[in-house]
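Chain naming here is simple, since letters A, B, ... match the order of the sequence lines and numbering starts at 1 in each. Everything quoted here is computed from the prediction, not taken from an experiment.
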Amino acid sequence: MTQSNDAPAKFGKGSHLHLIDGSAFIFRAYHALPPLTRKSDGTPIGAVAGFCNMLWKYIQDSSGADAPTHAAVIFDHSSKTFRNEIYPEYKANRPELPEDLRPQFPLTREATRAFNIACIEQQDYEADDIIATLACQARAAGGTATIISSDKDLMQLIGDGVDMMDPMKNKPIGPDEVFEKFGVTPDKVVDIQALAGDSVDNVPGAPGIGIKTAALLINEYGDLETLLARAGEIKQPKRRQVLQDNAELIRISKRLVQLDCNTPVEFTLESLEVQEPNHEALLDFLSRMEFRTLTNRVADRFGKEAPAVTVSTPAAVTAPAGSVELPPINREAYVTIRDAATLKDWLAEIATLGAVAVDTETSGLDEMEADLVGVSLSTGPGRAAYLPLGHVDGAADLFGSGDLAPGQMALAEALALLKPMLEDPATLKIGQNVKYDWKIFARHGIRMTPVEDTMLMSFALNAGGGIGHGMDALAEAHLGHQTIPIKELIGSGKSQITFAQVPIDKAAPYAGEDAEVTWRLWHFFRPQLGPNAVTTAYRTLEVPMIPVLADMEMAGVKVDTDHLARMSNAFAQKMAQLEDEIHGLAGEKFNVGSPKQLGEILFDKMSLQGGKQGKTGAYSTSADVLEDLAAEGHELPGRVLDWRQISKLKSTYTDALQTHVNKETGRVHTSYSITGAQTGRLASTDPNLQNIPVRTDEGRRIREAFIAPAGHKIVSLDYSQIELRILAHVADIPALKQAFRDGIDIHAMTASQMFGVPVDGMDPMIRRRAKAINFGVIYGISGFGLARNLRIPRAEAQAFIDTYFERFPEIRAYMDRTVEDAKRDGYVRTLFGRRIMTPGINQSGPAAGGARRAAINAPIQGAAADIIRRAMIRMPEAIRGIPARMLLQVHDELVFEVEDGAVDQLITAARAIMENSPDPAVKLSVPLVVDAGQGANWAAAH
DNA sequence: GCCCTCACG
DNA sequence: GACGTACGTGAGGGCT
């Protein structure tokens with residue numbers, strides 16, 4: 001048999017394979033080092049630094065006679081494996097990944113490739129099984145394998161041709177070491193582990209039996225099956241009983257610890273041949289990570305000049321730094337991908353780079369209904385491609401055939417090629433508003449990870465900063481670039497077409513531009529996160545919301561359309577009746593829904609008191625005004641108020657909600673905007689499910705239409721007084737904090753302190769006033785505003801406020817401090833480090849008032865938003881295994897759909913997450929309290 | 001496309 | 001003494 005020089009040497013006798021346990025390296029590195037961050041942008045980098053050091057040390061140590069001919073670093077890919085099917089609790093007690101570790105995973109893959117060592121991971125398989133499989137294959141081929149790890153779970157593999165090496169102690173692990181640890185030979189290790197269990201991986205084992213006892217038993221009976229078969233012979237009654245009672249659990253445990261030598265691996269041993277690192281690529285990577293010492297050390301070793309490790313200086317958020325050095329965008333340069341070979345070329349390049357900007361084009365804006373029409377990719381300035389998938393044939397479409405245009409890859413084939421890249425933990429997917437694309441891909445069975453989002457970067461840097469976070473605005477502001485308006489392709493209004501009908505040659509420049517602009521924005525924003533100290537906020541409060549919200553939105557909520565339709569009908573009748581009455585009282589017919597006409601009727605024709613308002617010169621007919629008129633004894637305004645309430649309920653809710661029911665799912669799917677509110681609150685659109693009525697009885701009936709399917713309940717959990725609790729904490733108000741700790745009625749306490757009356761038997765009116773002040777203070781209260789709210793004289797309101805600040809002087813101090821901070825810095829921050837810009841705070845005159853109040857409110861409202869975000873991010877993991885889904889968020893409330901039998905379990909788990917949400921980032925000096933309710937519908941759950 | 005009004009926290 | 005007047009949102013209907 002001959003071999004060409006190009007082909008790698010056959011793996012066989014004399015070949016020596018090193019298998020490096022990459023995940024163990026990462027965790028060791030992470031815990032061994034302080035939480036380092038990259039200077040230029042604040043990216044957490046400690047684990048990567050440790051990982052690179054260990055890898056470099058390993059390479060230095062493993063030269064010489066027993067140097068490997070082949071090597072690979074193996075990583076865990078996902079937490080769910082076949083073992084979870086055998087035993088759902090497997091590894092279920094693992095603590096959550098530290099927030100600053102996960103983002104380092106892709107970089108460790110990149111590092112491995114930079115060292116030119118094969119980097120292996122496979123969906124649904126643990127690293128240990130891949131290691132076992134490769135070790136078995138190496139042995140079978142006549143070669144040998146060394147496992148670089150100290151993980152006891154791998155010790156079962158030691159034997160002829162397979163040994164282990166502890167990378168930290170730099171010391172071999174052989175049968176003697178194994179015997180020392182387990183008291184048996186390596187081939188019996190699984191039996192020991194099956195009996196003794198493992199609290200780290202949550203392998204149950206036999207209760208009360210540890211390694212010592214297990215070794216005793218196995219050495220006596222030979223192996224596990226014999227032991228179990230002859231358990232009756234055991235003399236100690238307790239031990240005998242345990243083995244007999246738990247035989248099945250022990251067998252399950254054995255299947256959990258036994259590694260699988262038959263993992264279907266997608267490569268050959270030959271492909272793992274050791275390669276000399278590409279000096280330049282490695283040095284480039286190390287210097288980009290800003291590892292000074294290691295860069296110098298490696299350069300020294302290679303006999304090269306170390307590249308400068310430069311730490312870029314902070315750039316102003318609005319300075320178009322990225323656009324200066326990059327060539328202008330050329331839309332005509334883009335590639336159109338029409339076949340698998342071209343796509344594969346792009347995927348290969350993307351794998352090398354480890355990052356790609358991705359954008360999807362769809363036939364509409366509703367991610368739950370729109371079809372995927374194309375995907376664009378960009379790997380850098382001037383490098384973008386458009387992959388058309390669902391464009392229809394223009395000519396054929398005239399006849400409504402919907403035939404696909406020629407020259408497009410089959411959707412299934414393209415997605416099958418894209419999926420591994422989109423799910424590859426080592427490839428960063430960069431998008432603008434990634435949640436949209438995430439959902440489109442999710443509908444095709446792809447869960448895109450890891451992701452970066454330029455919209456969220458913009459929000460982390462510049463929330464409240466006056467410019468939006470949409471791509472067009474960002475391109476304009478930061479790149480000085482005008483994007484093609486979508487109108488130019490699809491038109492607008494009646495003659496608007498869908499993107500599927502746009503010819504491919506017109507679509508490609510547009511789509512490619514979106515991807516390239518996204519890439520450039522990423523390039524622009526990324527180095528600014530660190531210097532502006534928003535990396536943590538971006539990585540812990542923004543990006544992780546993407547999959548959580550996407551899953552909630554895709555789940556949707558079940559709505560009883562019959563109930564809504566009946567209400568609509570009843571409302572229509574009632575409105576008609578009220579209209580008749582109103583027309584009768586007015587003496588003429590007019591459009592009750594027109595404020596203009598109503599104003600003329602009230603103030604001109606009927607000559608009621610109430611002035612003009614606003615620049616438009618129109619009369620105000622707001623509820624306030626009408627209520628005052630009604631209180632004076634006029635009948636018509638009261639009727640109009642009734643009519644308005646019903647009209648609102650009908651048009652905005654009972655009618656509109658029905659039209660939002662998805663045809664396929666039969667449910668209503670809202671869309672949450674992560675950047676919608678500058679304080680960090682979410683905003684819900686299409687439809688807005690955050691303003692479903694609740695304050696009036698009539699309105700609350702609309703919540704009855706939000707139902708759980710058969711066998712399920714709606715469960716609602718909401719934070720009690722969260723903003724006031726945050727105020728008590730941040731303003732450090734002892735009286736308020738104590739009241740919350742004691743769990744007493746906070747408004748009554750406030751009233752008692754202000755007016756010197758006891759809480760017991762308090763006049764409800766007094767409490768109401770205190771409540772209004774408590775809320776008002778959060779918003780930057782004024783005497784005028786409170787007077788209007790409570791309908792009391794302005795002087796009286798001002799007196800209340802004065803008393804309040806006298807009694808709680810810390811609040812005034814907090815407000816002053818916050819405004820000062822905002823004036824000095826141009827922004828304020830929440831407890832969790834989210835930054836909210838405060839433009840206009842240094843203005844003078846009335847305009848400054850609004851900016852001041854917004855600055856005072858933002859840290860409070862923002863911290864509350866952060867707290868519920870943290871809870872939502874942790875929720876999927878916390879309720880895994882409970883038959884429940886998180887469906888809705890309403891600022892301080894989370895709504896779930898739960899199987900009947902699991903309601904209490906869900907409430908316990910979700911409440912714990914919500915009440916402890918600030919941990920460990922912030923230790924609140926007041927308790928958080930979460931109230932829970934359940935029922936067949938949302939009204940009942942409240 | 002703006003304004004008014006009103007639904008929510 | 002006047003200004004404007006509680007924070008944050010989204011949606012529907014009227015009107016230009």
Identify whether any heavy atom of A/A772 sits under 4.0 Å from a base atom; if not, whether one sits that close to sugar-phosphate; answer base, sugar-phosphate or nothing.
base
Measure CG/A/L602 against P/B/dT5 and give the value in whole Å, please.
11 Å
For A/K435 and A/D453, which heavy atoms make the closest approach, and how far apart are they?
N-OD2, 4.3 Å
I want to verify a distance call: between C/dG12, C/dG8, C/dA11, whose nearest atom is closest to the A/T679 side chain?
C/dG8
Applying a 4.0 Å non-hydrogen cut-off, can you work out what A/D718 is touching in the nucleic acid: base, sugar-phosphate, or nothing?
nothing
Rounded interatomic separation in angstrom, taking CZ from A/R869 and P from B/dG9
19 Å
Please state whether the rings of A/F755 and A/F800 are parallel, tilted or perpendicular, taking 30° and 60° as the class boundaries.
perpendicular
Between C/dT5 and B/dC3, how many Å separate the two P atoms, rounded to a whole number?
14 Å
Heavy atoms under 4.0 Å, any strand shown: does A/R788 hit a base, just sugar-phosphate, or nothing?
sugar-phosphate
Looking for any heavy atom pair under 4.0 Å, which part of the strands does A/Q678 touch: base, sugar-phosphate only, or nothing?
sugar-phosphate
N or O in side chain of A/N691 less than 4.0 angstrom from C/dA11 OP1/OP2:
no
Rounded to the nearest angstrom, tell me the gap between atom CG in A/L649 and atom C1' in C/dG10.
16 Å
A/I722 atom CD1 is separated from B/dG9 atom P, nearest whole Å, by 14 Å
Starting at CG of A/L657 and ending at C1' of C/dG12, how long is that distance when rounded to a whole Å?
13 Å
Only one of A/E579, A/K574, A/M575 passes side chain to side chain contact (heavy atoms under 4.5 Å, CB included) with A/S647; say which it is.
A/M575
Just to be sure I understand the rule, does A/Q597 reach a base, reach only the sugar-phosphate, or reach nothing, if contact means heavy atoms closer than 4.0 Å?
sugar-phosphate
Please pick, from C/dG8, B/dC8, B/dC4, the nucleotide with the shortest atom-to-atom distance to any side-chain atom of A/V694.
B/dC8
Going through the distances and angles, do A/V930 and A/I907 end up as a side-chain contact (heavy atoms from CB on, under 4.5 Å)?
CA-CA 10 Å; A/V930 168; A/I907 290 176; over 6 Å; no
Would you call the rings of A/Y619 and A/F603 parallel, tilted or perpendicular, taking 30° and 60° as the class edges?
tilted
A/G849 near the nucleic acid: base, sugar-phosphate alone, or nothing, with a heavy-atom cut-off under 4.0 Å?
nothing
For a quick check of understanding: with a heavy-atom distance under 4.0 Å over all strands, which category does A/A864 fall into, base, sugar-phosphate or nothing?
nothing
A/F706/A/H563 aromatic ring centres below 6.0 Å:
no
Mind calculating the distance between CD (A/Q843) and P (C/dC3) to the nearest angstrom?
19 Å
So which nucleotide from B/dC6, B/dT5, C/dG4 ends up closest to the side chain of A/R794?
C/dG4
Counting only side-chain nitrogens and oxygens, does A/S594 get under 4.0 Å of the OP1 or OP2 atom of C/dC15?
yes
Which whole number of Å gives the distance between the P atom of B/dC4 and that of C/dG4?
14 Å
With a 3.5 Å distance limit and no angle check, can you tell me whether A/S568 reaches the backbone of A/F571 through a side-chain donor-acceptor pair?
no
By the 4.0 Å heavy-atom rule, please label A/S684 as base, sugar-phosphate, or nothing.
sugar-phosphate
Taking 4.0 angstrom as the limit, do A/E796 and A/R769 come out as a salt bridge?
yes
Reckon A/S782 touches a base, only the sugar-phosphate, or nothing at all at heavy-atom distances under 4.0 Å?
base
Report yes or no: is there a donor-acceptor pair, N or O only, under 3.5 Å between the side chain of A/K596 and the base of C/dC15?
no
As a quick check of understanding, evaluate salt bridge (charged side-chain N to carboxylate O under 4.0 Å, His left out) for A/R701 and A/E704, giving each step before the final call.
CA-CA 5 Å; A/R701 292 203 53 221; A/E704 294 172 0; 3.7 Å; yes
In DNA chain C, consecutive runs of at least three Watson-Crick or G-U pairs below 3.5 Å, as range with range, amount to B:1-9 with C:7-15
Classify A/N688 by what it touches in the nucleic acid, base, sugar-phosphate, or nothing, heavy-atom distance under 4.0 Å.
sugar-phosphate
Examine B/dC6: is either OP1 or OP2 under 4.0 Å from a nitrogen or oxygen in the side chain of A/R644? Give yes or no.
yes
Would you mind classifying the nucleic acid contact of A/A865 as base, sugar-phosphate or nothing, using non-hydrogen atoms under 4.0 angstrom?
nothing
Atom-to-atom span, CG of A/D686 to P of B/dA7 - whole angstrom
20 Å
Does the base of B/dG9 carry an N or O that pairs as donor and acceptor with the side chain of A/R695 under 3.5 Å?
yes
Just by distance, do the side chain of A/Y719 and the backbone of A/M914 share a donor-acceptor pair under 3.5 Å?
yes
Touch check for A/R681, heavy atoms < 4.0 angstrom, all strands: base, sugar-phosphate only, or nothing?
base
Side chain A/Q861 and base C/dC7 donor-acceptor under 3.5 Å:
yes
When all nucleic acid strands are considered with a 4.0 Å heavy-atom cut-off, which category describes A/I692: base, sugar-phosphate, or nothing?
sugar-phosphate
Could you check how far OH of A/Y619 sits from P of B/dT5, rounded to whole Å?
14 Å
